[in-house]
Amino acid sequence: MFNRFWGSQDQQQPQPRPLDGSSQTQSWYPPSVSAVSSPSSSRPATPNASSFALHSSSHVPPSEAAGVIAVLKDKSVDELRKLLSDKDAYHQFLHSLDQVKIQNNLKDELSKENMQLVEENLQKEPRIVELRNQCRIIRTTELAAAQEKLNELEKQKEEMLKLNSPASLLQRIQDAMNVTEEESENLHQQLLDREIDLAGFLQKYKKLRTAYHRKSLIHLAAKTSNI
């Protein structure tokens with residue numbers, strides 16, 4: 001993070017100009033830090049606190065940049081040069097900043113939480129394996145029996161729906177009418193064959209014809225309705 005605040009780097013010796021005329025600098029600092037002195041000058045520039053925050057306005061909030069500048073402004077020129085030249089001193093100063101400490105603490109907390117979650121998951125592994133085995137047993141035994149029973153019930157439902165469909169009901173009423181009509185004819189034949197007296201014939205025949213006409217009306221109403 002601190003690398004974003006560097007605006008210059010002290011160069012103790014002027015760098016040799018390459019043969020192609022372009023400037024070449026070997027540094028482990030960011031480009032903004034490595035550009036402390038002009039290529040045309042052989043005298044190292046004097047670092048200051050504001051130069052460390054060069055270009056920071058486009059990368060970090062002004063409040064954070066001001067905080068780092070406040071820490072750097074009390075340092076001497078030698079201390080600033082040491083930060084630019086000494087990698088260990090640079091990292092030591094970097095990790096002493098409050099912003100970096102906060103980030104490191106947050107990283108440590110997240111690491112601890114991740115480790116805790118890993119341990120909890122490992123502890124649950126035997127239970128997960130057990131549940132998986134139970135599911136496999138249920139799927140191969142109880143589920144198969146339940147599926148077979150479900151198929152049987154589905155078949156019964158289809159049969160009941162077919163039996164009680166409008167067309168089936170009309171056919172059943174028609175069949176009942178035919179049976180009643182046949183019974184009436186048989187009773188009439190019995191009268192002709194003198195197998196039944198007139199009083200008994202009239203009583204039974206009246207019941208049969210009443211039942212026939214009732215079924216006929218039901219059949220007619222069913223055919224003319226929307227069912």
Side-chain angles (χ1 to χ4, degrees), residues 1 4 57-64 98-227:
M1 169 190 151
R4 298 180 301 176
S57 59
S58 61
H59 298 284
V60 297
S63 59
E64 294 186 10
D98 292 338
Q99 294 91 335
V100 177
K101 290 180 179 180
I102 292 174
Q103 293 297 324
N104 289 336
N105 291 336
L106 180 60
K107 181 185 70 175
D108 294 339
E109 292 177 2
L110 292 176
S111 298
K112 292 179 181 179
E113 291 179 1
N114 287 337
M115 290 301 299
Q116 183 177 359
L117 291 175
V118 170
E119 292 176 358
E120 292 178 357
N121 290 336
L122 291 176
Q123 293 175 358
K124 294 177 181 178
E125 183 66 22
R127 179 59 177 169
I128 295 175
V129 174
E130 180 182 357
L131 292 175
R132 187 180 293 114
N133 292 334
Q134 292 180 2
C135 291
R136 186 180 299 108
I137 294 173
I138 292 174
R139 185 166 56 250
T140 55
T141 57
E142 298 180 12
L143 181 61
Q147 186 65 42
E148 183 179 357
K149 181 64 176 179
L150 177 62
N151 293 337
E152 181 181 352
L153 293 175
E154 289 287 346
K155 184 178 179 180
Q156 293 179 5
K157 184 188 76 172
E158 293 296 332
E159 292 177 354
M160 292 181 65
L161 290 175
K162 183 178 180 180
L163 184 63
N164 294 281
S165 64
S168 177
L169 291 175
L170 286 174
Q171 185 61 43
R172 287 164 62 185
I173 295 174
Q174 183 65 53
D175 293 341
M177 290 171 58
N178 295 337
V179 171
T180 304
E181 181 69 18
E182 184 178 356
E183 290 178 352
S184 299
E185 291 179 356
N186 292 336
L187 184 62
H188 185 262
Q189 186 63 40
Q190 289 178 6
L191 176 63
L192 295 178
D193 294 340
R194 298 181 181 278
E195 296 177 359
I196 187 173
D197 58 9
L198 182 59
F201 168 77
L202 292 175
Q203 183 180 6
K204 292 183 179 180
Y205 191 78
K206 181 179 179 180
K207 291 181 179 179
L208 288 173
R209 299 313 297 172
T210 300
Y212 175 84
H213 289 297
R214 182 182 297 111
K215 295 173 183 177
S216 178
L217 290 174
I218 294 174
H219 185 269
L220 179 62
K223 286 182 64 176
T224 56
S225 65
N226 294 328
I227 63 173

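Being a predicted model, the structure only gives us computed values, none of them experimental.
- Closest of all the heavy-atom pairs between Tyr212 and Thr180 is CB-CG2, 3.6 Å.
- We find the CG-NE2 distance between Leu208 and His188 to be 13.0 Å, quoted to the nearest 0.5 Å.
- The distance from the CD atom of Gln116 to the NZ atom of Lys112 is 11.0 Å, given to the nearest 0.5 Å.
- Distance check, rounded to the nearest 0.5 Å: NZ of Lys124 to CG of Leu131 gives 12.0 Å.
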Start with the C-alpha gap between Leu153 and Gln156, add the side-chain angles, then the distance that decides, and say whether side-chain contact (heavy atoms from CB on, under 4.5 Å) holds.
CA-CA 5 Å; Leu153 293 175; Gln156 293 179 5; 3.9 Å; yes
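- In this structure the side chain of Glu158 never reaches within 4.5 angstrom of the side chain of Lys162, judged on heavy atoms.
- In this structure, Ser216 contributes its side chain and His213 its backbone to no donor-acceptor pair below 3.5 Å.
- Going from atom CG of Asn133 over to atom CD1 of Ile128 covers 12.0 Å, rounded to the nearest 0.5 Å.
- Formation of a donor-acceptor pair under 3.5 Å by the Thr140 side chain with backbone atoms of Arg136 is found in this model.
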Between Gln171 and Asp175, does the side chain to side chain donor-acceptor pair (under 3.5 Å) criterion hold? Intermediate values first, please.
CA-CA 6 Å; Gln171 185 61 43; Asp175 293 341; 2.9 Å; yes
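- Under a cut-off of 6.0 angstrom, the local environment of CD in Glu120 is crowded, with over 12 non-hydrogen atoms contributed by other residues, nucleotides or ligands.
- Closest non-hydrogen pair, Phe201 versus Ile196, comes out as N-CD1, 3.6 Å.
- Considering CG of Asp108 and CD of Gln103, their distance stands at 11.5 Å, rounded to 0.5 Å.
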Worked check of side-chain contact (heavy atoms from CB on, under 4.5 Å) between Glu130 and Gln134:
CA-CA 6 Å; Glu130 180 182 357; Gln134 292 180 2; 3.4 Å; yes
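- A distance of 12.5 Å separates CD of Glu182 from CG of Leu187, quoted to the nearest 0.5 Å.
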Run Leu217 and Arg214 through side-chain contact (heavy atoms from CB on, under 4.5 Å) and show every step you take.
CA-CA 5 Å; Leu217 290 174; Arg214 182 182 297 111; 5.9 Å; no
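- Within a 6.0 Å radius of CD in Glu195, more than 12 heavy atoms belonging to other residues, nucleotides or ligands are found.
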Does the pair Gln174 and Asn178 meet the rule for a side chain to side chain donor-acceptor pair (under 3.5 Å), with working shown?
CA-CA 6 Å; Gln174 183 65 53; Asn178 295 337; 3.2 Å; yes
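- Closest non-hydrogen pair, Lys215 versus Ile173, comes out as O-CG2, 3.5 Å.
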Run the numbers on Glu152 and Lys157 for side-chain contact (heavy atoms from CB on, under 4.5 Å), then give the verdict.
CA-CA 9 Å; Glu152 181 181 352; Lys157 184 188 76 172; over 6 Å; no
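- With respect to the salt-bridge test (charged N to carboxylate O, under 4.0 angstrom), the residues Glu181 and Arg209 qualify.
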